[in-house]
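Quick notes on the structure that follows.
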Amino acid sequence: MPTGIPGLDEMLEGGIPVPSSVLISGETGSGKTTLCMQYLFKGAELGERGIYFMALSEPAELMLRFISTYEFVDHRHFGTLIRYVDLGEVIEGGDEDEILELMDREVRSFHPRRVVIDSLPFLRTVLKDGYSRFLFRLGAMMKSWNSVVLITAESRSSTPYPQDIACITDGVIILYNMEIGRTRRRSLEILKMMGTSHRAGKHALDITSKGITVYPGL
């Protein structure tokens with residue numbers, strides 16, 4: 001499945017295998033949300049439905065305002081081919097069954113080919129001891145969706161990705177925004193991707209009004 005991100009599909013032999021789940025990990029400002037929205041709008045351009053699950057409660061209007069500066073955004077798709085689901089209210093209840101049931105119900109009623117789960121580690125603070133069990137159940141559930149699922153997670157330079165989420169996904173993509181001297185260098189690394197002979201190593205990444213572009217080999 002093509003991601004819609006120039007350079008990344010080349011590194012993935014054409015795109016992400018279907019079905020699969022991929023962890024998108026990176027520090028603040030590394031481009032996680034931009035990558036995920038670019039991926040959803042590429043799907044909408046191809047006539048594919050997508051769902052964006054937001055763990056941190058945030059109105060859809062704010063999300064749309066954030067991404068509206070990008071050229072890949074077509075407002076006609078938001079609310080039609082792309083559905084935004086705020087999980088904040090059900091997460092506040094701290095009931096893992098309710099969270100999983102809501103997500104599964106939305107997916108099975110909308111039939112998306114592309115799914116994004118944003119800021120999944122946030123649930124750790126709510127579910128506490130039940131978080132590991134939740135991840136195990138979510139991993140099993142995702143396999144039944146017949147979709148490509150992207151899961152975002154905040155990381156630090158000392159811990160580039162959360163291993164507990166990596167254990168339930170088929171792929172791991174890390175975004176870097178490293179400070180080198182007085183400048184910052186953005187890059188992307190495909191740590192693993194089952195079903196593809198992907199390009200390894202860190203490759204330069206740029207974010208412009210067109211969205212994310214990856215430069216393999218740089």
Side-chain angles (χ1 to χ4, degrees), residues 16 18-28 30 32-37 39-40 43 48-67 77-156 159-175 194:
I16 301 174
V18 185
S20 60
S21 54
V22 182
L23 168 61
I24 309 295
S25 184
E27 297 179 89
T28 300
S30 58
K32 298 185 297 298
T33 299
T34 301
L35 185 151
C36 290
M37 294 307 300
Y39 153 82
L40 287 183
E48 300 172 353
R49 295 181 178 184
I51 285 184
Y52 194 103
F53 289 112
M54 173 60 78
L56 292 169
S57 188
E58 184 174 283
E61 294 77 11
L62 289 179
M63 172 60 71
L64 191 57
R65 190 182 309 165
F66 164 75
I67 64 171
H77 297 324
F78 209 73
T80 53
L81 286 174
I82 298 175
R83 178 179 291 183
Y84 180 90
V85 180
D86 185 352
L87 298 174
E89 186 173 340
V90 68
I91 286 176
E92 286 181 5
D95 188 321
E96 65 178 88
D97 289 333
E98 289 188 7
I99 300 170
L100 290 169
E101 287 171 8
L102 172 59
M103 296 174 71
D104 196 46
R105 185 166 63 248
E106 289 285 347
V107 169
R108 295 191 182 283
S109 66
F110 194 58
H111 304 291
R113 290 289 282 169
R114 302 175 182 232
V115 178
V116 172
I117 306 174
D118 200 0
S119 302
L120 186 61
F122 172 72
L123 274 71
R124 186 193 305 273
T125 61
V126 178
L127 299 177
K128 299 178 182 178
D129 292 340
Y131 180 66
S132 295
R133 182 176 62 247
F134 172 84
L135 288 182
F136 176 79
R137 295 177 63 189
L138 176 63
M141 181 183 295
M142 290 189 299
K143 294 184 184 301
S144 70
W145 288 348
N146 195 33
S147 306
V148 172
V149 184
L150 303 188
I151 301 173
T152 72
E154 198 80 7
S155 68
R156 299 178 180 178
T159 309
Y161 65 95
Q163 293 193 10
D164 50 4
I165 299 179
C167 287
I168 68 166
T169 58
D170 305 304
V172 175
I173 295 177
I174 304 175
L175 303 180
M194 294 179 63

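Between V148 and Y39, the closest heavy-atom pair is O-OH, 2.7 Å. The heavy-atom pair separating G50 from L40 by the smallest distance is CA-CD2, 4.0 Å. Minimum heavy-atom separation, P121 to T152: CD-O, 3.6 Å. Among all heavy-atom pairs drawn from A55 and I91, the shortest one is O-CD1, 3.4 Å. Nearest heavy atoms, L150 versus C36: CD1-SG, 4.1 Å. What you find for V172 and A166 is that their closest heavy atoms are CG2-CB, 3.9 Å.
With contacts defined as side-chain heavy-atom distances shorter than 4.5 Å, the pair V115/M142 does not qualify. Contact annotation: the side chain of N146 never approaches that of H111 to less than 4.5 Å [non-hydrogen atoms, C-beta and beyond]. Contact check for L127 versus I99: side-chain heavy atoms found under the 4.5 Å cut-off. Contact annotation: the side chain of W145 approaches that of D104 to within less than 4.5 Å [non-hydrogen atoms, C-beta and beyond]. The closest side-chain heavy-atom distance from M141 to V107 is not below 4.5 Å.
Distance check, rounded to the nearest 0.5 Å: OG of S109 to CD1 of I51 gives 6.5 Å. To the nearest 0.5 Å, atom CD of residue Q163 and atom CG of residue L23 are 11.0 Å apart. Considering CG of L120 and CD1 of I24, their distance stands at 13.0 Å, rounded to 0.5 Å. Note: L138 CG to L100 CG = 6.0 Å, rounded to the nearest 0.5 Å. Atom CG of L35 sits about 6.5 Å away from atom CD1 of I173, to the nearest 0.5 Å. Going from atom CD1 of I151 over to atom CD1 of I165 covers 6.5 Å, rounded to the nearest 0.5 Å.
Judged purely by atom type and a 3.5 angstrom limit, S25 uses its side chain to pair as donor or acceptor with the backbone of P160. Counting only distance, with no hydrogens or angles, the side chain of R49 and the backbone of F110 share a donor-acceptor pair below 3.5 Å.
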Start with the C-alpha distance between D170 and K143, add both sets of side-chain angles, then the distance that settles side chain to side chain contact (heavy atoms under 4.5 Å, CB included), and finish with yes or no. CA-CA 10 Å; D170 305 304; K143 294 184 184 301; 4.1 Å; yes
- [ ] Show your working on side chain to side chain contact (heavy atoms under 4.5 Å, CB included) between V116 and M37 and close with a plain yes or no.
- [x] CA-CA 8 Å; V116 172; M37 294 307 300; over 6 Å; no
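Pairs passing the salt bridge (Lys or Arg N to Asp or Glu O under 4.0 Å) check and including a residue from residues 125-135, sequence neighbours excluded, read E96-R133. Pairs engaging residues 111-121 under the salt bridge (Lys or Arg N to Asp or Glu O under 4.0 Å) rule: E48-R114 [sequence neighbours left out].
Using a 30° and 60° split on the angle between ring planes, Y52 and Y84 fall in the parallel class, below 30°.
No side-chain N or O of S119 forms a donor-acceptor pair with one of E154 less than 3.5 Å apart.
Around atom CZ of F66, more than 12 heavy atoms belonging to other residues, nucleotides or ligands sit under 6.0 Å away.
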